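Here the structure is laid out as structure tokens; the discussion comes afterwards.
Remember, it's a predicted structure, so these values are computed and weren't measured experimentally. Below, chains carry the letters A, B, ... as their sequence lines are ordered, and counting in each starts from 1.
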Amino acid sequence: MATFKDFRNSIKPNWCPGCGDFSVQAAIQRAAANVGLEPDNLAVVSGIGCSGRISGYIKSYGFHGIHGRSLPIAQGVKMANRDLTVIASGGDGDGFAIGMGHTVHAIRRNIDITYIVMDNQIYGLTKGQTSPRSDVGFKTKSTPEGSVESAIGIMELALTAGATFVAQSFSTDLKELTSIIEAGINHKGFSLINVFSPCVTYNKVNTYDWFKEHLVPLSSIENYDSSNRMMAMQTLMENKGLVKGIIYQDKVKPSYQDLAHGYSKEALAKMDLNLSEEKFNQLMTEFM
Amino acid sequence: MIDQLSWKVGGQQGEGIDSTGEIFAMALNRLGYYLYSYRHFSSRIKGGHTNNKIRVSTSETRSISDDLDILIAFDQETIDVNVHELRDGGVVIGDSKFNPTVPEDLNVRLYAVPFTEIASELGTSLMKNMVAIGATSAVLGLPVESYLEVVEEIFSRKGAKVVEKNMEAIQKGADHFNELSGGQIDGFQLNKADGKKRMFMIGNDAIALGFVAGGVRFMAAYPITPASEIMEYLIKKLPEFGGTVIQTEDEIAACTMAIGANYAGVRTITSSAGPGLSLMMEALGLSGMTEVPLVVVDTQRGGPSTGLPTKQEQSDLMAMIYGTHGEIPKVVMAPSTVEEAFYDAVEALNIAEEYQCPVILLTDLQLSLGKQSVEPLDFNRVEIRRGKLDPSQELPETDDKDGYFKRYEVTEDGISPRVIPGMKNGIHHVTGVEHDETGKPSEVAANRQKQMDKRLRKLNRLRFNVPVVKQIKHEQADILLVGFNSTRGVIEEAMPRLEAEGFKVNHAHIRLIHPFPADEMKPLIDSAKTVIVVENNATGQLANILKMNVGQHEKIKNLLKYDGNPFLPSEVVMKCKELV
């Protein structure tokens, strides 16, 4: 059985020292081992940006795609081979700006993959521009007088889009993050995990200390019920989205693969491609 | 007796014009006639003039005809718009409901038949199209029973009574026409057909059937005219093979999802038209850079932008060859008949996997939507070749320090070994960033050059069966006609007419657009006085590609049409005479 070390390679990430993404990488590696995966049965698909590099830092099949498109690529991988565990990942710009269309539709489609967003509320790799998660008034290179656009409440949005698994975590809390990723992988359907992963270089507002001060653990809320969508929405709104833990999970709804008409239980990638002559003739006759 | 005639039915969109033509054509196809039908329609569901022009012939035909023998009109607009197409002595049959009239200066015969009234008497005005079909039968001298099989297939679900009523409507239409005309009118009776069984299908059907036969088990696509039929067929058929189709949120998702699924080892396609292909451009580059096989169908329609969504054009050529930033290996195939569209769909899948690159299967609206009789296809020609991928292979441990597989190994033919996720010892990284042999990002200059050269030399050895369809009758020709996609039919029809006027004419139809078959084309151009490139665009894109690859600019002339309508044989003949 593989241990978390089997999911490591020798590549040194090009993230800045202190970047939150290091812990996300470690948490994915630990979670993969904890749920009993082997490296060759895991595919990590990522987008573009600092965090997008993560697919190269985990020893597994990795696909570093194009900006904003990690989700359609990851869904394609899963549809082709349902025996694989598929993790999509990237930053908040990748998933909630250029890739937002795909995010909303991946949520409502509910294909069984896990989407981990490293949310630092800024564009890092392009050296510090505003992101859809930046707060109003946030000053960046592209918003020198402060952002005037509202920040996306991504967890609330996921709930209204029909999400079956919505969670949020903080990159320093390795233990909790690992267990949330495990729960996401085990969830039968699409799981969205937003991880606050501070950018130590360009975001001087939403720092480690800032999150420690503002994030409310759901475990501290009495009788919090993650199967209650209404309670999930209310709690998010009351806390301006700054909560951590599993916010909502629907354990009943089947995944897309289980609902798709005629879709094989056997992985498509393992099926014979050939058609019998008899079947072919039948298909031709239908046009006669 | 005649060997071919043209028939057109017209009316308001949404009043059953399509199905009128469909039932008429299907019945004649069953009798063994060759059918070719082309629909004139607009980008709306109800209302607006629409028509379906159908050519019936005792020999194969792939083009719409210059003129018209019979026009069936459900409104006066149909007559006003189409009457000038009628040949001298042609027939118009209009619904007497709107008191049809024809211009006095034209020698056409008008018959007013109460389509709607007869249908209403039988129970529903919806059957007015059956009455019209019956009237047509009377003109052609076809027995009403010819329609029984088709009518049964379409209406048997609704019960024997409905079948009976529809047949009665056909009979009444025929009887009424015979009363009006006082019996058979001369010049419209077709010679007997050969009675052979043929398919009646559009190019998109053939492509979709080719994909099923060629092992496609997943498709990701976004609806668009004139490509949607491919998706609709696979939605119906793939579940029979365990596969499925996802209708994505946009064409970017469609293309990248297809890339993800191909990467994971399933033959996956997407299809679209110009606007969708524009959105897929970045993803095509990803496929080229990551060497993930990908087949995309582009059914060309009128551009630019939304352009003419339901009209014929061939203006995506340059975009398909050069589209995407940077430089990648890419194959652009352009079938010229429905049969070729089927075999090319299978072959596109093979080429994509063998050469690990994107393949564009290019068609145009006329080829994609023109419905025609097609000879049965040859199952033995369907072959699945996956190149260097063998998913059942057991891989040895690698000597890479991280245990990574050299997915991008530099090889002599430029094609690297390919593995798919799930294979033990096959772990590697895939990225659109320049990368080394195991797929790890690398900006090292020497590596960059090696990987670029590796990718770009892959197609040097591309094997392609019949890159140019040649009809070469003369060692030295006055005219070499060149085209691609659906213009084959019109060129083949224009050739004998030009020959009859004393011109020596050769014909080359280009089926492999990129990499361009310059060696095949050069001798043909050398041996022609004038090269006329027939294409449905405004800037002569194929002519320019020809000039770029073969030279001889002074010889190469443009024959262009970009008003949204396909060429007519007479237009090609007339313009050729002007150009030489």
Side-chain angles (χ1 to χ4, degrees), chain A residues 9-11 38-43 45 48 53 55-56 59-69 71-81 83-84 101-102 104-105 109 256 260-275 277 279-281 283-288, chain B residues 197-201 205 209 212-213 215 217-218 220 237-240 242-244 246 248-250 252-253 256-268 282-283 286 374 376-377 379 382 384 391 401-404 420-433 439-441:
Chain A
N9 61 26
S10 65
I11 303 167
E38 294 295 329
D40 43 51
N41 279 318
L42 172 64
V45 180
I48 298 295
R53 287 296 183 108
S55 59
K59 189 181 170 189
S60 70
Y61 280 91
F63 196 122
H64 180 223
I66 42 179
H67 198 22
R69 320 300 169 201
L71 282 173
I73 295 171
Q75 291 170 89
V77 174
K78 184 70 182 183
M79 289 304 290
N81 188 344
D83 296 343
L84 296 172
H102 308 309
V104 172
H105 290 280
R109 195 171 286 131
Y256 182 93
H261 163 67
Y263 179 64
S264 165
K265 295 267 181 269
E266 186 191 351
L268 296 186
K270 294 172 184 169
M271 287 169 70
D272 182 18
L273 303 187
N274 292 288
L275 208 64
E277 185 162 11
K279 187 71 192 173
F280 180 70
N281 288 336
L283 293 176
M284 273 205 296
T285 308
E286 290 172 0
F287 288 104
M288 284 178 176
Chain B
K197 281 217 157 191
R198 293 185 187 89
M199 294 180 285
F200 183 51
M201 71 199 318
D205 292 332
L209 182 60
V212 171
R217 294 298 174 262
F218 182 48
K237 287 294 160 196
L238 283 185
E240 290 179 26
T244 194
I246 289 184
T248 54
E249 53 273 22
D250 58 28
I252 296 174
T256 47
M257 198 179 282
I259 289 172
N262 276 299
Y263 155 72
V266 172
R267 289 191 157 189
T268 304
E282 190 188 12
L286 178 69
V374 177
L377 301 159
F379 177 73
V382 175
I384 290 171
K401 66 178 168 186
D402 288 320
Y404 273 47
I420 56 174
M423 287 172 74
K424 204 167 161 38
N425 297 324
I427 284 179
H428 61 275
H429 191 235
V430 172
T431 174
V433 173
K440 290 174 193 139

Per-residue contact mode, [X] against chain B (heavy atom under 4.5 angstrom):
{"X": "A/M284", "result": "both"}
{"X": "A/K270", "result": "neither"}
{"X": "A/L84", "result": "side chain"}

Pick whichever of [options] has the most heavy-atom pairs under 4.5 Å with chain A.
{"options": "B/G432, B/G439, B/G422", "result": "B/G422"}
{"options": "B/P421, B/G265, B/A283", "result": "B/P421"}
{"options": "B/K237, B/R267, B/E240, B/K197", "result": "B/K237"}
{"options": "B/P376, B/A220, B/A258, B/P391", "result": "B/P376"}

Shorter than 4.5 Å, heavy atoms on both sides: which option in [options] has the most such pairs with chain B?
{"options": "A/L268, A/N81, A/T285, A/N41", "value": "A/L268"}
{"options": "A/K78, A/E266, A/H105", "value": "A/H105"}
{"options": "A/V104, A/D83, A/L71, A/N274", "value": "A/N274"}
{"options": "A/A260, A/G65, A/S55", "value": "A/S55"}
{"options": "A/H261, A/M271, A/E277", "value": "A/E277"}

Any chance you could measure [X], atom [atom1], to [Y], atom [atom2], to the nearest 0.5 Å?
{"X": "A/E286", "Y": "B/M201", "atom1": "CD", "atom2": "CE", "value": "10.5 Å"}
{"X": "A/F63", "Y": "B/L286", "atom1": "CZ", "atom2": "CG", "value": "4.5 Å"}
{"X": "A/Q75", "Y": "B/T248", "atom1": "CD", "atom2": "OG1", "value": "9.5 Å"}

Between [X] and chain A, with a heavy-atom cut-off of 4.5 Å, which part of the residue counts as in contact: side chain, backbone, both or neither?
{"X": "B/Y263", "answer": "side chain"}
{"X": "B/L209", "answer": "side chain"}
{"X": "B/R198", "answer": "backbone"}
{"X": "B/L238", "answer": "neither"}
{"X": "B/A213", "answer": "both"}

field: Mutual orientation of the aromatic rings belonging to A/H64 and B/H429 [parallel < 30°, tilted 30-60°, perpendicular > 60°]
entry: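 Parallel.
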So do [Y] and [X] actually touch side chain to side chain, heavy atoms under 4.5 Å?
{"X": "A/S264", "Y": "B/R217", "answer": "no"}
{"X": "B/V212", "Y": "A/L283", "answer": "yes"}
{"X": "A/M288", "Y": "B/F200", "answer": "no"}
{"X": "B/D250", "Y": "A/H102", "answer": "yes"}
{"X": "A/K59", "Y": "B/I427", "answer": "yes"}

Residues that B/E282 engages under side chain to side chain contact (heavy atoms under 4.5 Å, CB included), provided they are two or more places apart: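 B/E282 satisfies side chain to side chain contact (heavy atoms under 4.5 Å, CB included) with A/I66, B/H325 once adjacent residues are dropped.
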A/Y61 side-chain N/O to B/V430 backbone N/O, donor-acceptor pair under 3.5 Å: no
field: Smallest separation among heavy atoms of A/Y263 and B/T244, with atom names
entry: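 Taking every non-hydrogen atom into account, CD1-CG2, 3.7 Å.
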message: For a quick test of reading the model, state the closest non-hydrogen atom pair linking B/A261 to A/A80 and the distance between them.
response: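 Nearest pair, atom of B/A261 first, then A/A80: O-CB, 3.5 Å.
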message: Please evaluate residues B/I246 and A/R109 with respect to the criterion side-chain contact (heavy atoms from CB on, under 4.5 Å), reporting the C-alpha separation (whole Å), side-chain torsions for both, the decisive distance (0.1 Å), and the verdict.
response: CA-CA 10 Å; B/I246 289 184; A/R109 195 171 286 131; 3.7 Å; yes
task: Could you give me the CA-CA distance, side-chain angles and deciding distance for B/V374 and A/F287, then say whether side-chain contact (heavy atoms from CB on, under 4.5 Å) is met?
output: CA-CA 9 Å; B/V374 177; A/F287 288 104; over 6 Å; no
query: In terms of side-chain geometry, is the basic nitrogen of A/E38 or B/K424 positioned less than 4.0 Å from the acidic oxygen of its partner?
result: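 Salt bridge between A/E38 and B/K424, a charged N being under 4.0 Å from a carboxylate O: no.
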